Amino acid sequence: PTPPRRLIHKVGFWRFRRVISAADAVIQNTRGGADALRRQLPSVADRVAYIPNAVPDAATSQPATKAGPSAAEGPTVIWAGRLDRVKRPDLAVTAAAQALRRRPFRLKMFGDGPLRLEVQAQIERLGVQDRVALCGRSDALLDEMRQAHLFFLTSDSEGMPNAMIEAMSVGLPVVATDCRFGP
């Protein structure tokens, strides 16, 4: 997205600018990201293209018929992403702990990353380990989404989030933070 701050921070703005300037084309997956890059680096404006992320094929992403949640278990909420600061898994756990005071549900968090141990400790510290599960990576995420009741996206920054698009492709309602682009 616009330009990727983590990348610029790691390689430095001038090196980033030199690499982008030498590219034959620069692809952004949001219109806002493409526009921002054109403004920030006018010398490459004619080589910046907007290409949105692919949407899963509707034929293979049909919503499943799911049973309503039981009163004791409540609905299932899915969170999926890298366990890192930008994706804000800590916010998902905090929100779940607060919402669980009012209504039972299960939060299944899919993904892995550098904050895994921190997030696990937070889950235990807040006492929600019986309702919030770190499920790791899954090759069956679409199947999990088909059985869930809500998708939760807590990122501070997004381009065009694939997991959210996948959730929407199976008819899963989405609650998302207000990111600059994408959601």
Side-chain angles (χ1 to χ4, degrees), residues 1 4-7 10 29-30 52-183:
R5 288 187 179 101
R6 291 180 311 248
L7 175 63
K10 288 181 182 175
N29 62 352
T30 65
N53 291 10
V55 176
D57 182 1
T60 60
S61 298
Q62 294 301 315
T65 305
K66 56 184 144 222
S70 71
E73 286 295 311
T76 299
V77 178
I78 298 283
W79 182 97
R82 285 184 322 279
L83 297 176
D84 69 12
R85 301 241 182 263
V86 171
K87 300 294 185 181
R88 295 297 309 273
D90 62 310
L91 182 59
V93 174
T94 299
Q98 290 175 3
L100 281 165
R101 293 181 197 144
R102 291 183 225 130
R103 179 177 179 178
F105 65 93
R106 299 191 73 68
L107 174 60
K108 296 172 87 174
M109 299 180 72
F110 291 93
D112 209 349
L115 297 183
R116 183 175 184 78
L117 294 176
E118 255 181 68
V119 173
Q120 185 63 51
Q122 180 188 17
I123 290 168
E124 292 168 10
R125 185 174 61 254
L126 293 174
V128 293
Q129 58 272 24
D130 59 329
R131 292 289 176 174
V132 178
L134 287 179
C135 302
R137 297 181 67 122
S138 174
D139 291 332
L141 186 56
L142 273 178
D143 292 333
E144 292 283 348
M145 289 177 174
R146 284 184 184 100
Q147 299 305 313
H149 300 91
L150 182 74
F151 181 81
F152 192 28
L153 181 89
T154 54
S155 300
D156 279 341
S157 174
E158 282 288 346
M160 187 58 69
N162 286 331
M164 184 182 82
I165 292 169
E166 291 168 353
M168 293 169 66
S169 79
V170 298
L172 188 58
V174 173
V175 172
T177 50
D178 185 11
C179 296
R180 186 170 172 198
F181 307 121

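Every value quoted in this text rests on a predicted model; they were computed, and no experiment measured them.
Rounding to the nearest 0.5 Å places CH2 of W79 at 7.0 Å from OG of S155. Remark: L134 CG to D112 CG distance equals 8.5 Å, nearest 0.5 Å. Taken to the nearest 0.5 Å, the NZ atom of K108 stands 11.5 Å off from the CE atom of M145. Rounding to the nearest 0.5 Å gives a distance of 5.5 Å between CZ of F152 and CG of L91. Rounding to the nearest 0.5 angstrom, the gap separating the CZ atom in R88 from the CG atom in L115 is 10.5 Å.
Two residues are said to be in side-chain contact when any heavy atoms from C-beta on lie closer than 4.5 Å; F110 and R137 fail this criterion. A 4.5 Å side-chain heavy-atom check between V77 and F151 finds every atom pair outside the cut-off. Inter-residue side-chain proximity for V119 and D90 is flagged as unmet; no heavy-atom pair is nearer than 4.5 Å. Side-chain contact check for L100 versus F105: some heavy-atom pair is nearer than 4.5 Å. Side-chain contact check for R82 versus P114: every heavy-atom pair is 4.5 Å or farther apart.
Listed here is the closest heavy atom pair of M164 and L153: SD-CD2, 4.3 Å. Residue H149 comes nearest to P75 through the heavy atom pair ND1-CA, 3.5 Å, listed as atom of the first residue, atom of the second, then distance. Taking all atoms of both residues into account, the shortest heavy-atom contact from T154 to P89 is OG1-N, 4.3 Å. Across all non-hydrogen atoms, the minimal contact from L172 to A148 is CD1-O, 3.5 Å. Residue L141 comes nearest to A80 through the heavy atom pair CD2-CB, 3.9 Å, listed as atom of the first residue, atom of the second, then distance. For A167 against V174, the heavy-atom pair with the smallest separation is CB-CG2, 4.3 Å.
Applying the side-chain hydrogen bond (donor to acceptor under 3.5 Å, both in side chains) test to T94 and every residue at least two apart in sequence or in another chain returns Q122.
Side-chain atoms of T177 never come within 3.5 Å of backbone atoms of C179 as a donor-acceptor pair (strictly under, hydrogens ignored). No donor-acceptor pair closer than 3.5 Å links the side chain of R125 to the backbone N or O of Q120. Of the possible donor and acceptor atoms, none in the side chain of R131 sits under 3.5 Å from a partner among the backbone N and O of A96.
For R85 and E118, the salt-bridge test passes: some basic side-chain N is under 4.0 Å from an acidic carboxylate O. The pair D84-K87 does not meet the salt-bridge criterion, since no charged nitrogen lies less than 4.0 angstrom from a carboxylate oxygen.
Under 3.5 Å, the side chains of S169 and E166 contain no donor-acceptor pair of N or O atoms.
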